[in-house]
Engineer: 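Have a look at this one.
Note that ligands are numbered from 1 as they come in the structure, with each ligand's atoms numbered from 1 the same way.
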Amino acid sequence: MSVNRNGLLAVGVFLIGVAVSLVAMRFTDRIQERGLRGEFQHLAGLHAASFEREIEVNLEASRDLQRFLQAAPGISRGQFERYATPMLRQLSSVHVLEWVRRVEHGQRAGFEAAVRAGDQPDFQISERDAQGRLRPASPRDEYFPIHYLAPMEENKAALGFDLGSDPLRRATLEQARDSGKLTASANVFLVQDAVRKPSLLVFAPLYGGLATTPAQRRAALQGFAVGVFYLDDIFQDAMRKSHLGLGDVSLRIREVAALERDELLFAHLPEEWEQSRADLEYRHSLKVAGRDWTFSARPTQAYLVAHQESLSWSVLLAGLVISAVLAAFLAHLLNRQQSIRQQVLDRTRALAASESLNRAVVDTAVNPIITMNEHGTVRTFNPAAERAFGYRAEEVIGRNVNMLMPEPYHSAHDGYLSRYLASGDPHIIGIGREVVARRKDGSLFPIDLAVGESRMEGDILFVGMIVDTTLRKEAEQSLRDSKEQAERANRMKSEFVNMMSHELRTPLTVILGYLPLLKKAEAMPPAEMIVDMARDIQASGDHLLHLINDLLDLSKIEAGKLDLRPEVFALADVVSEVLDRLRLKAQERGITLVNEAGALRVRADPLRLRQIFINLVGNAIKFTEGGNITVKARAIDGHAEISVADTGIGIPEADLPEIFDKFRQVDSSSTRKAGGTGLGLAITRSLVELHGGSITAHSRPGAGSTFTFTLPHPEE
Ligand code: ADP
């Protein structure tokens with residue numbers, strides 16, 4: 001289909017080429033024609049000039065003779081001939097030179113007699129009769145006989161002939177006489193010639209006195225110097241002397257006055273004239289001694305053949321060849337172009353497919369991918385990057401990528417790039433790094449950044465692949481934390497085992513230490529001592545029991561097996577119950593117990609709350625000597641805030657954070673004196689937290705301690 005179209009196009013181009021060639025051919029034709037015309041006109045002009053010059057040179061002979069006769073009016077025949085003969089030899093086309101006298105009728109007889117008396121015994125003034133035979137001239141007012149002539153031999157017959165007897169000659173003669181100028185006759189045939197050859201008679205008048213007006217000239221006229229020329233000779237001479245190609249032109253010279261008679265003065269190659277191209281004819285008018293002639297020239301066939309080159313045909317042929325080549329080339333080009341277009345189409349499709357595949361990969365990539373140019377200007381920003389940074393792609397594309405970095409990267413980034421481009425020194429490019437990125441909201445997050453470089457047609461494209469390592473970092477941290485925790489738990493477990501063995505061994509040592517003393521009935525210690533021993537064994541047993549109960553409680557709580565049975569009740573009731581139980585012990589140490597719980601009601605498991613108070617107030621009693629222990633309560637922020645404050649020895653600040661840990665006791669003599677398991681506060685904290693509350697301790701050594709815990713406020 002398109003191959004056909006290409007073919008049509010090529011044919012179209014060929015046809016246009018043909019048309020252009022034809023036009024060019026015509027154009028060339030016209031130019032050539034103009035050239036031909038110009039050239040021929042020039043050639044013919046040269047011929048005409050040659051003719052003019054030749055005629056002029058010949059006419060000059062008449063004028064020279066006139067001057068000679070004027071200077072020597074009374075010359076003899078011999079003198080005349082001596083003058084004329086060399087001149088005739090020199091000018092080949094001057095046929096005859098004559099001295100024609102004016103003889104008035106009254107002088108005729110005397111004149112004839114004088115000439116006869118000289119060397120012309122037969123001389124008479126003569127004329128022609130109707131048959132052309134010579135006879136003595138009829139009587140007239142004046143006669144113009146040829147007196148002298150040269151060359152003599154062949155022209156003898158003309159001697160004495162009265163030029164005035166012939167009307168044609170007479171008219172010319174009178175015109176010469178009146179004008180005083182050189183005057184030529186029309187085409188005449190000479191009297192003496194056997195063969196009639198067209199001749200030209202040129203009259204130069206001679207006057208014997210003042211001759212300015214026609215009347216004076218008539219009166220003063222003495223005669224004429226006459227030159228006779230054979231026209232053919234003049235023209236042949238002109239042709240010969242012109243040195244121009246004789247075969248190139250067909251010529252005609254005609255008398256203007258005789259144009260209608262179409263009488264030729266001269267014709268060169270007349271047979272060519274009619275066949276030649278009239279449109280190229282050259283015409284020039286010649287003024288010859290008072291006569292108007294027309295010089296016409298036409299090119300001969302030979303000239304036309306030689307000058308009409310077939311340039312226009314060459315142009316046409318060249319045009320056709322060029323058109324054909326052009327059309328073929330175009331067809332080839334179009335076919336090539338089409339196949340290239342097809343290739344481009346195929347590749348574009350493939351490219352689009354790969355582009356959309358790439359886009360799909362980039363768009364669906366889980367990790368952010370950012371591309372930028374060598375100035376750090378962002379070119380693409382994939383959806384994962386949008387999610388990670390909180391920016392939409394259009395907010396980032398076209399801006400400097402450093403907007404995604406916190407200081408010091410933000411300021412340093414342009415420097416990295418220019419350094420890399422200048423020196424190839426990679427800071428990040430080609431290497432993966434852990435850096436920190438900044439989201440739109442200003443928050444920072446750790447990333448692994450890998451930057452690749454791609455060069456496309458001189459443009460550099462940097463591709464940044466980003467992995468948000470927040471989760472990994474958190475996981476790493478929690479792993480570290482749990483490892484630490486596990487290690488601590490392990491450590492605590494060993495400590496616990498150590499502690500337990502110690503705690504259990506101490507009372508058991510007491511108990512087992514007494515028993516051998518009581519095993520032998522025959523060697524019983526005294527009764528008071530047994531009582532003391534029984535008291536110590538009792539105390540150690542109690543301590544063991546206490547320890548084991550605490551441990552059981554703690555393990556129950558930690559195993560999540562302790563179930564609370566919450567109730568709503570007045571806090572003050574539980575507080576006074578506990579204080580009552582402990583009052584005796586307090587009094588022994590000079591301590592006053594104060595219940596300021598007020599009317600606050602709480603939701604709690606009363607059994608466990610009691611245990612909390614026993615621990616806290618019990619500790620306070622242990623570490624106080626004289627003073628007060630006050631229990632207070634208030635409602636705050638939807639919670640019940642309860643405190644147990646004493647005026648005891650206090651806890652060093654460094655120990656405060658650890659007193660809630662298991663088996664943790666402030667290492668001092670008072671503690672050791674006070675005994676205890678080191679589990680009380682751990683159990684207390686677990687119980688408070690089991691209720692959804694929290695517990696803190698404030699203390700100043702020497703000034704007392706305050707333990708404050710919260711419980712949920714009951715919704716009543
Ligand atoms: P113990 O059974 O040894 O008392 P606790 O867990 O109840 O164990 O207490 C841990 C440690 O905290 C005590 O050994 C003591 O050093 C310190 N302690 C607790 N309560 C008080 C208090 N009211 N005044 C001073 N020290 C206290």
Engineer: In ligand 1, which numbered atoms sit nearer than 4.0 Å to a non-hydrogen atom of G650?
Structural biologist: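 In order of number, 25 (C).
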Engineer: Among the heavy atoms of N615, does any lie under 4.0 Å from an atom of ligand 1?
Structural biologist: no
Engineer: Classify the ring geometry of F389 against F381: parallel below 30°, tilted from 30° to 60°, perpendicular beyond 60°.
Structural biologist: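 F389 vs F381 ring planes: tilted.
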Engineer: Just verifying a value: how many Å separate L679 CG and L547 CG, rounded to the nearest 0.5 Å?
Structural biologist: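 It comes to 6.5 Å.
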Engineer: With sequence neighbours left out, which residue pairs that include part of residues 581-622 fulfil the ring pair (Phe, Tyr, Trp, His ring centres under 6.0 Å) condition?
Structural biologist: F613-F709
Engineer: Please tabulate, one pair per line, all N/O donor-acceptor pairs under 3.5 Å involving side-chain atoms of residues 507-529, not counting sequence neighbours.
Structural biologist:
unit_1 : atom_1 : unit_2 : atom_2 : d
T509   : OG1    : R505   : O      : 2.4
Y514   : OH     : D536   : OD2    : 2.4

Engineer: Only heavy atoms of A620, strictly under 4.0 Å: list the atoms of ligand 1 that pass.
Structural biologist: 23 (N)
Engineer: Identify, by atom number and element, the atoms of ligand 1 in contact range of K622, meaning under 4.0 Å from any of its heavy atoms.
Structural biologist: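 Listed by number with element: 1 (P), 2 (O), 4 (O).
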Engineer: Answer with side chain, backbone, both or neither: which part of D655 has a heavy atom less than 4.0 angstrom from an atom of ligand 1?
Structural biologist: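 For D655, no heavy atom sits under 4.0 Å from ligand 1.
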Engineer: Does E641 come within less than 4.0 Å of K632, counting only side-chain N to carboxylate O?
Structural biologist: no
Engineer: Backbone or side chain, does any N or O of L681 fall under 3.5 Å from an N or O of ligand 1?
Structural biologist: yes
